Amino acid sequence: MTPNPTVPSQSSRRRLVAVPALLAALALTAACSNSSGGSGDGGGAAQTLTGDCAKYQPYAGHSGTTVTMFASILSPESDNLEKSWAEFSKCTGIRISYEGSNDFESQLPVRVAGGNAPDFAIIPQPGLLAQMVKSGKVVKPPAQTVANQDKWSPVWKTYGSVDGTFYAAPMSANMKSLVWYSPKAFAAAGYEVPKTWADLMTLSDRIAKAGGPKPWCGGIASGTATGWPATDWLEEVVLGTYGGDVYDQWVGHQVKFSDQKITTAMRTVADWMLNPAWVNGGYGDVKSIATTTFQDAGAPILTGKCAMLQQASFYEAQWPKGTKVAPDGDVFAFHLPAVNPAIANPVEGGGEFLAAFSGRPEVQAVQNYLSSSDWASSRVKTASGWVSANQGVDKSLYTDPIDKLSAEALTDPSATFRFDASDMMPAAIGSGQEWKSLTAWFAEGQSIQKVAGDIDAAWPK
Amino acid sequence: MSVSGSPPAADSLAVGAWGDAAVKFGNSVGAIAGFLGILLVVFLVAGRARGRLARPLAVLVFLGPAVLLLVVGLVAPLIRTVYLSLHNADGSRFVGGENFGWAFTTDSVQKVLVNTLLWLLVAPLAATGLGLVLALLVDRMRGQSVYKSLIFMPMAISLVGASIIFKFVYEARGKDQPQIGLLSQLAHAVGWSDPPNWLLSQPLNTFLLMVVMVWVQTGFAMVVLSAAIKAIPDEVVEAARLDGATGVRLFWYVTVPMIRTTVMVVLTTVMIITLKAFDIVRTMTGGNFGTQVLANEMYSQSFGQSNDGRGGALAVLLFLAVLPLVAYNIVQLRREREVR
């Protein structure tokens, strides 16, 4: 500093002293706050839980820890989830920090690739699970979780597995093979719930000819996921026409979309949901299905503009407050019959799987608990709108008739259960080209050959 | 519910939640304070440096962070995107120009490119043209600030919000059903009993989506152009008037040449916004019914279908399309500054 002839003034010299002191203080605060943010007494010996907490003894010993969970379930549904494990958290001291996002499917891969994976993700698509496993970040479940899986029918284990290795236990199940209708309107018009596909078609024809409401309403608009309800219609028909084997081969692309079997199924769908005389009650022509949101689709049933809607069990949440959902109420649902009577009781469904991205002991404890029938029962008791295919859940716990109906169908050993095909196909198809092409089928009247060919062409090599 | 036997656990849970939040807050504040502290030290050192080192040090201190942020936020992602565009879906295998080949030979992507081009030509021209007309009209009116505010107001609405508003406007129902969409109801009111389902009718729907962009951007164009018109010296206009120029001639031969650079800057700015338009298409049609554009297709490929290669290729195309516009914009701005 010699070249500078001016001497630093008193005040600037004091400033020079003050700055390092300030920095030191800051560093100290940061260090303190970090150490207090540690994992507490995680290493301590497992305490003994008594009273109401005794049943959580197997999960004890991780008090003061936190696990993070990321999913697509938003409030208020997620509030019920948090309530269902509140007691577990209180007793074991493991906090579950839940985060829901409606952009979950695109955000999870980004977070995992970015090294910011949550401890848990609730994944509703086996296709996405497979993609996550491929990233190498999914941790295999502990032995207890694998053992708990036996309470679900064996086919569920394959849906939580990738290349034969089991990774994620299912948390919930939903039933897609339902037809919503109005028991009151049916009774007034003298219609009966159809038992076979032929009956269903005859009934549709009868309703259409009666000149009142149209037999069917439908909507496949769902923001960027527009098209998914149409994939369900095709899946129901494929499963109900050919059974599980062809369905599995179709999912694996051994049977192509342009295969005669699938195009025949598409023709069946066309005679049903693309039939100008049958749709789209309350909204307009066939094309209006493409711009009607799936949430709005069923509303005309209540106003007598249409008679039926094929939609999953979770559609129950869409009915306005005060709608009586019961076998003799404003709306109820019946099991969509098989197209081919030789196929026993086809049930198409979906579900959510709990994948772990960490093997910490508290993460494994939560994983064990959430795969148990104790937790499943606890969630069923918390609020309606949640179905588990866990055989260990007492069916009398279901208070809602649709939940009960779904649970019975999903745990029925004689049923031909298959998981939603588009959720298992590669994302480029299942949440890409198939949505796009089926939407174009409804909106632009594209031919079955073009739709099938476009989807096959997009299949990743 | 009693939790006998483990009150400490319950306590620590409650404390844990608050403690966690406190720690996080403390860390954030600490990080910000630390950052400011470091900056302070760096500036102090730079400010005290004397002699030969002073200038390079000052350049480093003041330019360094900006360059660093540019490299981290712009250059590195650019390189990474180009890298991804030359690889397969998960970036594991080099595939050369395959993704670009896909982009230029697939029917659906061709449609996307055509739509993007349509957007690029129509929306900015319409927004700038309308903005210019409104600027001229409003300029002569009493209480112009009120009108200007009203026209400018859509700028305050996000593109997603504007899209949702227009989605309701375009909502269509069968002709024998009660209409809930404004446009269909208007059509009925003037005696058009069977209007189309607006968002489904190609290629009309693409233009209907552009209306949203024009609605939002016209206000911006009007305000900027109005300022430019006001900046034309009165002497020039008076001289033109004395020479006999009036009305349209005055507009074409005096006003437009005088504000030409501003018009170009507005036009190119709206073009850049249009090229990146993704919210409108995503919100209103999700890219269905033949309305897909480049930016939205890029997002769908990368994040919906996890095909980073194809998404990367589309991103590179988008970047190449925006580049000349940005360059032109900068040149124009610089030229304008030199004139002043």
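All chains are named by letter (A, B, ...) in the order of the sequence lines, taking the proteins before the strands, and each is independently numbered beginning at 1. Keep in mind it's a predicted model, so treat the numbers as computed, not measured.
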Shortest non-hydrogen contact between B:Phe289 and A:Glu444, atoms and distance: CA-OE2, 3.5 Å

Any A:Lys305 side-chain heavy atom under 4.5 Å of B:Gln177 side chain: yes

B:Gln292, part contacting chain A, at a heavy-atom distance under 4.5 Å: neither

Region of B:Asn197 in contact with chain A, defined by heavy-atom distances below 4.5 Å: side chain

Gap separating the NZ atom of B:Lys175 from the CG atom of A:Asp285, nearest 0.5 angstrom: 10.0 Å

Any side-chain heavy-atom pair of A:Tyr283 and B:Arg173 under 4.5 Å: yes

Point-to-point distance, once rounded to the nearest 0.5 Å, from CG of B:Leu199 to NZ of A:Lys287: 13.0 Å

Heavy-atom proximity to chain A below 4.5 Å, by part of B:Asn88: neither

Heavy-atom pairs under 4.5 Å with chain B, option from A:Ala290, A:Pro460, A:Pro426 with the top count: A:Ala290

Neighbour count >12 (heavy atoms, 6.0 Å) for atom CZ, B:Phe43: yes

Within-4.5 Å side-chain heavy-atom neighbours: A:Thr291 and B:Tyr170: no

Within 6.0 angstrom of B:Asp194 CG, more than 12 heavy atoms from elsewhere: yes

Greater than 12 external heavy atoms within 6.0 Å of B:Phe94's CZ: yes

Separation between OG of B:Ser306 and CD of A:Glu105, rounded to the nearest 0.5 Å: 10.5 Å

Side chain / backbone / both / neither for A:Ala440 at chain B, heavy atoms under 4.5 Å: neither

Check residues 219-230 of chain A and write down every donor-acceptor pair under 3.5 Å in which the side-chain atom is one partner and the other belongs to a residue at least two apart or another chain.
from, atom 1, to, atom 2, distance (Å)
A:Ser222, OG, A:Trp228, NE1, 3.1
A:Thr226, OG1, A:Ser222, N, 3.0
A:Thr226, OG1, A:Gly223, O, 2.5

Pair B:Glu297-A:Lys436, salt bridge (Lys or Arg N to Asp or Glu O under 4.0 Å): steps then yes or no: CA-CA 12 Å; B:Glu297 179 68 21; A:Lys436 275 192 218 164; 3.6 Å; yes

When A:Ser106, A:Ala113, A:Gly284, A:Ala54 are compared by non-hydrogen pairs under 4.5 Å with chain B, the top option: A:Ser106

Nearest non-hydrogen partners of B:Gly304 and A:Ser431, listed with the distance: O-OG, 3.6 Å

A:Asp454 versus chain B, the contacting section by heavy-atom distance below 4.5 Å: neither

